[in-house]
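In what follows, a structure is listed as structure tokens, so that the remarks can point back to it.
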Amino acid sequence: MSKSKNSQTMKAETAAKKLGILLEAAPEEFREGLITRDELAALMAEPPEWLEVLRREGPHPRTVVAAKLGVSNSGLARGGVTDPLTSAEIKALLEAPPAWLVTERATQAAVRAEKIRVAERDKERAERRSSGGSGV
């Protein structure tokens, strides 16, 4: 990737995070260069074959693995998952979930439910305050 004089650039690591791919699995040309915002936008708008394959098959970075498994990054660590996983490996875990994955998915679901409950409570409180309620 080339560097343009008038466009902001980013390191390949940053661009890989924005694209949701594992930097080490990207082509050398991508890994070695600086990426402009325009080049990143072009990659997002019309992904080349290598990017489509990486997104579809992996290996995937931790954040993508965690999202696909429905757990947190910390949950991955607690489950002993330290290496990037492919889509096939993720699918296998989902089809026959080990005990740690069942536990972590339940934990993540409880966290999401609590966030929703708190957001709804805060919204109700804000509505009461704006309508002249007691605000308690």
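What you are looking at is a predicted structure, and each value in this text was computed from that prediction instead of being measured.
Leu19 and Val53 end up in different hydrophobic clusters when Ile, Leu, Val, Met, Phe, Trp and Tyr side chains are linked at under 4.5 Å.
Note that CZ of Arg117 is 6.0 Å distant from CZ of Arg121, once rounded to the nearest 0.5 Å. In this structure, OG1 on Thr63 lies 8.5 Å from NZ on Lys17, to the nearest 0.5 angstrom. A distance of 11.5 Å separates OG1 in Thr86 from CG in Leu22, rounded to the nearest 0.5 Å. With rounding to the nearest 0.5 angstrom, the OG atom of Ser74 is 9.5 Å from the CD atom of Gln108. Annotation: the span from Glu57 atom CD to Glu52 atom CD amounts to 11.0 Å, rounded to 0.5 Å. Note that NZ of Lys18 and CG of Leu43 are 13.0 Å apart. Values are rounded to the nearest 0.5 Å.
Inter-residue side-chain proximity for Ile35 and Thr9 is flagged as unmet; no heavy-atom pair is nearer than 4.5 Å. Using a 4.5 Å cut-off on side-chain heavy atoms (C-beta onward), Phe30 and Leu54 make no contact. You'll find the side chain of Val111 stays beyond 4.5 Å of the side chain of Glu114, heavy atoms only. Within the 4.5 Å cutoff, the side chain of Met10 has no heavy atoms near those of the Leu34 side chain.
Screening residues 64-78 for salt bridge (charged side-chain N to carboxylate O under 4.0 Å, His left out), with sequence neighbours left out, gives Arg78-Glu104.
Arg31 approaches Leu23 most closely through the heavy-atom pair CD-O, 3.1 Å. In this structure, Val64 and Gly20 approach most closely via the heavy-atom pair CG2-O, 3.6 Å. Between Ile21 and Ala26, the shortest heavy-atom distance links the atoms CD1-CB, 4.2 Å.
Without hydrogens or angle criteria, Arg37 side chain to Gln8 main chain gives no donor-acceptor distance under 3.5 Å.
The hydrophobic cluster of Ile116 has no other members, since no ILVMFWY side-chain heavy atom comes under 4.5 Å of it. Residue Leu94 shares its hydrophobic cluster (ILVMFWY side chains chained together at separations under 4.5 Å) with Val65, Leu69, Val71, Leu76, Val81, Leu85, Ile90, Leu93, Trp100, Leu101.
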Going through the distances and angles, do His60 and Ser87 end up as a side-chain hydrogen bond (donor to acceptor under 3.5 Å, both in side chains)?
CA-CA 8 Å; His60 302 288; Ser87 294; 2.7 Å; yes

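In this structure, Glu28 places its CD atom where only 12 or fewer heavy-atom neighbours from other residues, nucleotides or ligands lie under 6.0 Å away.
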